[in-house]
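In this text the structure is predicted, and so the values were computed from the model without any measurement.
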Amino acid sequence: MPKFKLTATSRTGQKVNPLGGSTDSVTVYSQADLDRRVKAAKTDPRDLDVKVERLS
């Protein structure tokens, strides 16, 4: 099963990380979950820059 690291950074500097940062990462364990998260990021009002790295 593939595993991905998804990193989202707010281009506007708004809080993305619950601890206050404008960047946050999450490990995603399925293609369907990754697709859902990328789609949601495209409409996020924080104007997110999303990077995906395949881990396995």
Side-chain angles (χ1 to χ4, degrees):
M1 177 182 341
K3 184 166 57 171
F4 306 91
K5 177 181 177 184
L6 183 139
T7 303
T9 303
S10 172
R11 292 184 192 127
T12 61
Q14 293 182 20
K15 182 176 156 183
V16 175
N17 183 311
L19 300 177
S22 63
T23 298
D24 199 8
S25 296
V26 64
T27 302
V28 182
Y29 296 94
S30 74
Q31 185 67 51
D33 189 22
L34 178 66
D35 294 344
R36 181 187 60 79
R37 290 172 184 265
V38 169
K39 183 178 178 181
K42 289 180 182 179
T43 60
D44 191 287
R46 295 171 289 190
D47 191 22
L48 300 178
D49 178 33
V50 175
K51 293 183 182 171
V52 177
E53 177 184 349
R54 188 174 176 133
L55 301 175
S56 66

Legend entry - Shortest non-hydrogen contact from V16 toward S10: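 Heavy-atom minimum between the residues: CG2-CB, 3.6 Å.
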Inset, instruction - Please name all residues satisfying side chain to side chain donor-acceptor pair (under 3.5 Å) with T7, sequence neighbours left out, ordered by chain then number. - result: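 Applying side chain to side chain donor-acceptor pair (under 3.5 Å) to T7 gives S25.
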Legend entry - Residues that D44 engages under side chain to side chain donor-acceptor pair (under 3.5 Å), provided they are two or more places apart: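 Side chain to side chain donor-acceptor pair (under 3.5 Å) check on D44 returns R46.
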Inset, instruction - With sequence neighbours excluded, give me every salt bridge (charged side-chain N to carboxylate O under 4.0 Å, His left out) pair touching residues 14-24. - result: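 Pairs touching residues 14-24 that pass the test: none.
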Legend entry - Residues forming a salt bridge (Lys or Arg N to Asp or Glu O under 4.0 Å) with R11, sequence neighbours excluded: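 Salt bridge (Lys or Arg N to Asp or Glu O under 4.0 Å) check on R11 returns D47, D49.
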Legend entry - Cationic N near anionic O, under 4.0 Å, D35 to K39: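 No salt bridge links D35 with K39.
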Inset, instruction - Mind checking side chain to side chain contact (heavy atoms under 4.5 Å, CB included) for V52 and listing every partner two or more places apart, or none if nothing turns up? - result: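 For V52 the side chain to side chain contact (heavy atoms under 4.5 Å, CB included) partners, ignoring immediate neighbours, are F4, L6, L34, V38, V50.
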Inset, instruction - List, by chain and then residue number, the residues other than Y29 in its hydrophobic cluster (Ile/Leu/Val/Met/Phe/Trp/Tyr, side-chain heavy atoms under 4.5 Å); write none if there are no others. - result: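 Its cluster partners, ordered by chain and number, are M1.
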